[in-house]
Enquirer: 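I'd like to ask you about the structure that follows.
Atoms considered below: every heavy atom in the structure, side chains included; atoms not considered: hydrogens, waters and symmetry mates.
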Amino acid sequence: MGIKAALPKYELYFYTLVLSLAGLWAASWIFEASSDNVNRKTFKESVKPGWHYFGRKMDVADFEWVMWFTKFRNHIVFALSGHVIFAKICSMAAPQLRSTVYMVYGMLAVLATMGLTFTMLILSHCVLLYSVSLSKQKWLCFAAGLCSLATFKLEPFSSWQSGFVTGTFALQDVLFYGGSGFTIMRCMSFALENYEKKDGNYSFLELLKYNFYLPFFFFGPIMTFDRFHAQVNTPDLTRKDREMWNIRIQAVLHLAAIVVVDVLFHFLYILTIPSDMKLVKQLSDWSLAGLAYSNLVYDWVKAAVMFGVINTVSRLDHLDPPQPPKCITMLYVFAETHFDRGINDWLCKYVYDYLGGNHDNIVKELLATVCTFAVTTLWLGPCHVVYIWSFFNCFGLNFELWVAKFFELKPFASMEAKMSEATSRRIRGVFNAANFWTIILYNVLALNSLDFANLVFKRLIITGFPLSTLSVLFVTYCGVQLIKERERRLALEEEGAEKEKTE
C-alpha cells in the first residue's frame with residue numbers, strides 16, 4: 001500500500017490528544033523525580049547551580065553540551081568568527097583563492113590550538129594515505145585507511161600518538177580524537193574519490209584544503225571529497241533568493257534550541273537520573289519510558305544544534321553541508337536511524353550502498369550491514385557496549401528486510417491487497433510502533449548504560465506486561481500514525497511540485 005493512504009481527521013485528532021497527554025504525564029513523573037532528589041549525593045557532580053532566574057540547580061552531566069555552550073563557548077565562537085571574517089574578505093578580494101585561505105587559516109588554528117607535534121602527526125597520516133591513493137587500488141586505500149583509523153582507536157597505538165600532544169587543557173582529548181578521527185575519514189574519502197578519477201590524480205594540496213577546513217576539522221560533519229571539491233572550487237558565489245534570510249533563521253533557531261534545552265535542564269534531570277540505578281529502580285514504568293525516549297531526543301537535539309552551528313558557518317562559505325540528522329521522533333525504521341548524517345552519508349556511499357546494491361537481496365544486505373557496522377565499530381572505538389550496539393542495530397536492519405520479504409509472500413500480499421489502504425496503514429503502524437521501541441532500546445544502551453537499557457527492557461516488556469507494555473505501544477502507535485500523516489502530506493506536496501514543473 002502506498003504512502004498516500006489517508007486516515008479520518010477525527011482519528012488523527014485523537015492520536016494527537018493521546019500523544020500529548022502521555023508526553024505531559026511522563027514529563028511530570030520525571031519532573032517530580034528531579035525535584036525530589038535534587039540533593040542526592042549521587043547528583044552532586046552532575047547537578048550544579050543553574051541560572052539564578054530560576055533558583056534551581058541544573059543538569060550538567062553532558063560534557064559536550066557544557067563544552068560547546070558554556071565553558072568553551074567563547075573560544076569556539078572566536079575561532080569560527082575569525083574564519084568567517086577572513087573567508088568574507090577573501091571572497092570579495094580574491095574568490096579564486098578562497099579554498100587556499102580556508103586551508104591556511106585552518107592549519108594556523110590547529111597549530112595554535114594543539115601544537116606543532118599534533119599538526120605534524122596529522123600531516124604524516126595525510127602523506128601516508130595520499131601516497132596510498134596514488135596506487136589507484138580501492139582495497140588498498142580502504143585497508144590503509146582503516147589501519148590508520150585503528151591507530152587512533154586501539155591501544156597501545158592510541159596512547160602513544162596522544163603522547164605527542166603537549167599541554168593539559170580540558171579540551172585536549174576531545175580535540176585530539178575528534179581531529180584525528182575525522183582526518184582519517186576525510187583522507188579515506190579523498191583516496192577513494194582519487195580511485196574514481198579517470199585522468200590523473202588529485203594533488204596533495206587538494207587533500208590539505210579538504211582536511212584543514214576549520215569548521216569541519218575537529219567536530220565534523222564529514223563532506224565526501226567529491227562534494228567538497230566541487231563546491232569549494234565553484235566560481236559562482238552568488239546567493240540564491242532568500243538564502244541569507246534562511247541562514248539567519250537557522251542561526252536564530254539554533255540559538256533558541258540552546259536556550260530551551262538549558263531551561264529544561266533546570267527542571268528535568270534526564271541525563272543524571274539514569275546514572276543512579278537505585279533511583280531509577282524506584283521510578284514508574286512511564287518514567288522509565290519517558291527517560292529512555294527523552295535521552296534519544298536530547299541526543300538528536302544536541303547533534304542537530306552542534307552540526308547546525310557548524311553548517312551555518314559553512315553555508316556562509318557557499319557550501320552545502322550534510323543536513324542535520326533526522327529527528328528520532330520521526331524514525332520507525334532502522335534504515336533511517338543515524339545521529340550523524342555526514343558519517344551516515346560516508347558509510348552509505350563507500351560501504352553500505354556499494355556492497356548492498358538496491359538492498360533487496362538478503363545475502364547482499366547481510367554482507368553490507370556487517371561491513372558497515374564493522375567500520376562503525378572501529379570509528380566509535382571498540383568496546384563491549386559498542387559491540388552490543390553494533391550487533392543489535394545490524395540485526396535490526398536485516399530483520400526489517402526479512403520481515404518485509406516474508407510479508408511479500410503470496411498469502412500475505414493477497415490479504416493486504418484486499419484491505420483498504422487505511423486498514424493496511426493501521427496494521428503496518430502496529431509493527432512500526434514495536435520497531436520504534438526496538439530502535440530506542442538498541443540505542444539507549446550506547447547513550448546511557450547497559451544496566452539502564454536492560455532495566456527499561458525488563459520493566460516495559462517483561463514485568464510491565466501487559467498493562468505497561470500495551471499502553472506504551474499504543475501511545476507509540478499514535479505517534480507513528482502522526483509521522484505517517486506528515487510523510488503523506490510531504491509526498492503530496494512533492495507530487496504537486498513535480499506536476500507544476502512538468503506543466
Enquirer: Answer yes when Arg488 and Glu485 have at least one side-chain N-carboxylate O distance shorter than 4.0 Å, and no when they do not.
Expert: yes
Enquirer: Is the Phe457 to Trp437 ring centre distance short of 6.0 Å?
Expert: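 So the answer is no for these two rings.
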Enquirer: Between Arg426 and Glu11, does any NZ, NE, NH1 or NH2 come within less than 4.0 Å of an OD or OE carboxylate oxygen?
Expert: yes
Enquirer: For Phe406 and Phe412, I'd like to know if the aromatic rings sit close, meaning centre-to-centre distance below 6.0 Å.
Expert: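 Centroid separation for Phe406 and Phe412: below 6.0 Å.
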Enquirer: Between Phe212 and Phe217, does the ring centroid distance fall short of 6.0 Å?
Expert: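 Ring centres of Phe217 and Phe212 closer than 6.0 Å.
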Enquirer: Taking atom types as modelled and ignoring hydrogens, do the side chains of Asp226 and Thr224 form a donor-acceptor contact shorter than 3.5 angstrom?
Expert: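 Indeed, the side chains of Asp226 and Thr224 share at least one donor-acceptor pair under 3.5 Å.
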Enquirer: Hey, are Ser180 and Gln161 close enough side-chain-wise for a donor-acceptor pair under 3.5 Å?
Expert: no
Enquirer: May I ask you to decide if the ring planes of Phe225 and Phe190 are parallel, tilted or perpendicular, using 30° and 60° as cut-offs?
Expert: perpendicular
Enquirer: How would you list all residue pairs meeting ring pair (Phe, Tyr, Trp, His ring centres under 6.0 Å) that involve residues 347-368, not counting sequence neighbours?
Expert: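 Non-adjacent pairs meeting ring pair (Phe, Tyr, Trp, His ring centres under 6.0 Å): Trp346-Tyr350, Tyr352-His359.
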Enquirer: Are Phe373 and Phe391 an aromatic pair by the rule of ring centers under 6.0 Å?
Expert: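 Ring centroids of Phe373 and Phe391 are no less than 6.0 Å from each other.
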Enquirer: With no hydrogens and no angle check, do the side chains of Arg425 and Gln481 hold a donor and an acceptor under 3.5 Å apart?
Expert: yes
Enquirer: Side chains of Tyr332 and Thr476: do they bring a donor and an acceptor to under 3.5 Å?
Expert: no
